[in-house]
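Here the structure comes first, spelled out in structure tokens, and everything after it is commentary.
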Amino acid sequence: DLQQAAETLRKGGIILYPTDTVWGIGCDARQEDAVKKIFALKQREDSKSMLCLLDSPAKLQGYIEEIPDMAWDLIELATRPLTIIYPGAKNVAPSLLAEDGSLGIRITQEKFTQALCNAIHGPIVSTSANISGEPTARFFAEISDTILSGVDYVVRYRREDTTPHQPSSIIKLGVHNEIKIIQASLNGETTSGGTDGDNSGDNSGDNGEDSDIEASGDLEVEIKKSNYWGSEGAYYLQFEVTITNNSNFNLNLLYHTIN
């Protein structure tokens, strides 16, 4: 199964596969023609960027010109799937990049996708397995026939898994550690930045996952990093978010327990 999926990717094909979040459509992120096949299948505008999966933080430097220092902390502390949009992407298909040259990358902790990235020695596109604008398939049985028949290979692994999965959180970082929350996935719910109907729908209308992560939205984010050394030694990365209606709330988005 893994070998067939990897061979399909190497030959420029597109696959349907389970990720660390929902089922996704993928290809070798370095092959422009394969990326265009995914855009065509999903009926998505080329201006809407897609994210990639990598199997190791050590490989980020091969695809990002300058990695913001905060990214390393976020990756280390994340206990849920976290996609980070980085500035200055390189060495991937041009169609994957947003207008500002940024690219969303998630370091996958799921074994199959890790092995797949390792097998092709590079990043894999990950976009939700649905036509753009339609609901995201939470598990394999919800994937439409249009998607199933439109890919070159359907992975067999985890087809029987009926556990509903949630999209990842999405955070955009600037070179100087500026931060914007594009999408937060917490407690089984997904929230997105943005009040513009088109942008909000494209960022999360596919229920967010690995879909249109073009930076948009009106969330102004001030980041605060705090240490909490309680009885369990929990370390929290806390975000204080100011929304456009001037209401404030604190969002404990990520945490990591230190033994």
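All values below come from the heavy atoms of this structure, side chains included, with hydrogens, waters and symmetry mates left out. Everything numeric here is computed off the predicted structure, so don't read it as measured data.
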Evaluation steps, side-chain contact (heavy atoms from CB on, under 4.5 Å), between Trp72 and Leu60: CA-CA 10 Å; Trp72 304 113; Leu60 279 172; 4.1 Å; yes
Closest non-hydrogen atom pair, Gly122 against Leu54: C-CD2, 4.1 Å
CG on Asp28 to CG on Asp33, rounded to 0.5 Å: 11.5 Å
Separation of Lys36 NZ from Cys27 SG (nearest 0.5 Å): 12.0 Å
Ion pair check, Lys172 and Asp100, cut-off under 4.0 Å: yes
Distance (rounded to the nearest 0.5 Å) between Ile120 CD1 and Gln31 CD: 8.0 Å
Trace of the side-chain contact (heavy atoms from CB on, under 4.5 Å) decision for Lys59 with Ile105: CA-CA 11 Å; Lys59 297 180 180 180; Ile105 298 177; over 6 Å; no
Gap between atom OH of Tyr157 and atom CG of Asp1 - 0.5 Å precision: 10.0 Å
Distance in Å, Asp55 CG paired with Ile107 CD1, rounded so as to fall on 0.5 Å steps: 7.5 Å
Donor-acceptor pairs under 3.5 angstrom involving side-chain atoms of residues 110-117: please list them, not counting sequence neighbours.
unit_1, atom_1, unit_2, atom_2, d
Glu110, OE1, Phe112, N, 3.2
Glu110, OE1, Thr113, N, 2.7
Glu110, OE1, Thr113, OG1, 2.7
Glu110, OE2, Phe112, N, 3.2
Thr113, OG1, Thr108, OG1, 2.7
Thr113, OG1, Glu110, O, 3.1
Gln114, NE2, Thr108, O, 3.0

Pro18 and Asp161, any side-chain heavy atoms less than 4.5 Å apart: no
Sequence-distant partners of Glu7, salt bridge (Lys or Arg N to Asp or Glu O under 4.0 Å), two or more places apart: Arg10, Lys11
Side chain Arg159, main chain Val154, donor-acceptor under 3.5 Å: yes
Same cluster (ILVMFWY, side-chain, under 4.5 Å), Leu173 and Val175: no
Nearest heavy-atom neighbours spanning Asn130 and Lys42: O-NZ, 2.7 Å
More than 12 heavy atoms from other groups under 6.0 Å of CD on Gln4: yes
Derivation and outcome, side-chain contact (heavy atoms from CB on, under 4.5 Å), residues Asn91 and Tyr63: CA-CA 6 Å; Asn91 298 330; Tyr63 303 97; 3.9 Å; yes
Derivation of the side-chain contact (heavy atoms from CB on, under 4.5 Å) call for Gln109 and Asp20: CA-CA 7 Å; Gln109 302 297 326; Asp20 53 343; 5.9 Å; no
Heavy-atom pair of closest approach, residues Tyr17 and Ile25: CE2-C, 3.7 Å
For Ile14 against Gly150, the heavy-atom pair lying closest together: CD1-O, 3.7 Å
Nearest non-hydrogen partners of Ala34 and Gly12, listed with the distance: CB-O, 3.5 Å
Distance-minimising heavy-atom pair for Tyr86 and Pro68: CD2-CD, 4.0 Å
Exam field: side chain Glu32 to backbone Ser95, donor-acceptor pair closer than 3.5 Å: yes
Whether Ser56 side chain and Ala58 backbone form a donor-acceptor pair below 3.5 Å: yes
Counterpart residues, side-chain contact (heavy atoms from CB on, under 4.5 Å), relative to Phe139 (two or more places apart): Ala141, Glu142, Pro164
Ser168-Thr21 side chain donor-acceptor pair, cut-off 3.5 Å: no
Straight-line distance of Ser128 OG to Leu51 CG, nearest 0.5 Å: 9.5 Å
Donor-acceptor pair, side chain of Arg44 and main chain of Ile38, under 3.5 angstrom: no
